[in-house]
Each structure stands twice: as C-alpha cells, then as structure tokens.
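First up is the structure itself, then whatever we jot down about it.
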Amino acid sequence: MARAKRVDNRGRVLRNGESQNKKDGRYCYRWTEPVTGKRGTVYALSLVELREKEQQIQKDIQDGINTNSANMTLNQLFNIYMDGKVNCIPCQGHFELV
C-alpha cells in the first residue's frame, strides 16, 4: 500500500524537510549541512515564502556557501581565508605571494 502524502491544514502537499506547526500554522524547513553535519531550520508564515527560502538554501549548498556562518568564530573565518590563499609563504609577519 502506498504511503499517504503529508499535507498542511489547507491540503497542500509538503515536500521533504517541510512541516507545519499545528498550533500557529507556521511552516518549517529543516536540512543538514553537508560539510559540518549540523541541522539547520528556517521558519516562514506562508508556504510560498518557505519555498523561496528553501530554494536559496539549496542554491547556497550547491555553490559551496556555508549557510551557518553566523555562528563562526574569527579564528575559523581566518583559517578559511588562509586556506583560500595559494602560493603564500610567511615572511617577517607578512605574507608574500610567490
């Protein structure tokens, strides 16, 4: 027997990761960051708004943009910056391109 599709209180079909809060009617989208493995959550009042946010999140993940960078420390940001620098060697406290 086929599994019943999940729907919201108006009968619209919800996609994977989408849900609706029964109390206040808000929509929620949950995903897992591919790099860090951490869960992310986005809320919206309408399904259209939620799907726009979901589309932007999926685009950021495909482009390799860290969507959870608000919780990043300065040291983590510096390490990412230095990993992007290629052919640099330390010289008297400054970095010179080779």
Side-chain angles (χ1 to χ4, degrees):
M1 187 169 160
R3 239 171 101 179
K5 293 184 178 182
R6 295 179 308 112
V7 294
D8 64 356
N9 58 4
R10 293 185 180 179
R12 295 179 288 199
V13 177
L14 298 174
R15 297 177 185 165
N16 287 339
E18 295 177 348
S19 62
Q20 184 182 27
N21 187 350
K22 297 294 182 189
K23 256 186 181 176
D24 59 3
R26 276 200 209 177
Y27 293 94
C28 171
Y29 174 67
R30 300 189 85 195
W31 75 96
T32 303
E33 290 284 335
V35 177
T36 61
K38 291 187 178 182
R39 298 276 292 172
T41 307
V42 171
Y43 296 95
L45 291 176
S46 70
L47 190 58
V48 173
E49 181 184 349
L50 182 75
R51 290 195 173 157
E52 288 173 1
K53 290 180 180 183
E54 179 182 348
Q55 189 177 27
Q56 183 63 39
I57 290 167
Q58 292 300 326
K59 183 176 181 278
D60 289 346
I61 289 173
Q62 287 178 352
D63 292 342
I65 298 172
N66 186 2
T67 57
N68 201 8
S69 61
N71 300 328
M72 190 179 300
T73 65
L74 183 60
N75 288 336
Q76 290 170 336
L77 182 62
F78 180 75
N79 288 336
I80 290 171
Y81 171 75
M82 292 308 295
D83 289 342
K85 293 285 198 180
V86 291
N87 298 329
C88 292
I89 57 171
C91 178
Q92 297 177 356
H94 295 70
F95 289 89
E96 293 181 2
L97 292 175
V98 178

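The figures that follow rest on heavy atoms only: side chains count, while hydrogens, waters and symmetry mates do not.
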List the residues meeting side chain to side chain donor-acceptor pair (under 3.5 Å) with [X], not counting sequence neighbours, and say none if there are none.
X: D8; result: R12, Y27
X: N9; result: Q20
X: D24; result: N21
X: S19; result: none

Heavy atoms only: give me the nearest [X]-[Y] pair and the separation to one decimal.
X: V42; Y: W31; answer: CG2-CZ3, 3.3 Å
X: P34; Y: I61; answer: CG-CG2, 3.6 Å
X: C28; Y: T41; answer: SG-CG2, 3.5 Å

Output for pair (N79 CG, T73 OG1), nearest 0.5 Å, gives 8.0 Å

So, using side-chain contact (heavy atoms from CB on, under 4.5 Å) as the criterion, who are the partners of [X] when residues are at least two apart?
X: E52; value: V48
X: K59; value: D63
X: R51; value: R15, E18, L47, E54

Fill in: Any L45 side-chain heavy atom under 4.5 Å of R26 side chain
yes

I'd like to know whether CG of N16 has more than 12 heavy-atom contacts from other residues, nucleotides or ligands below 6.0 angstrom.
no

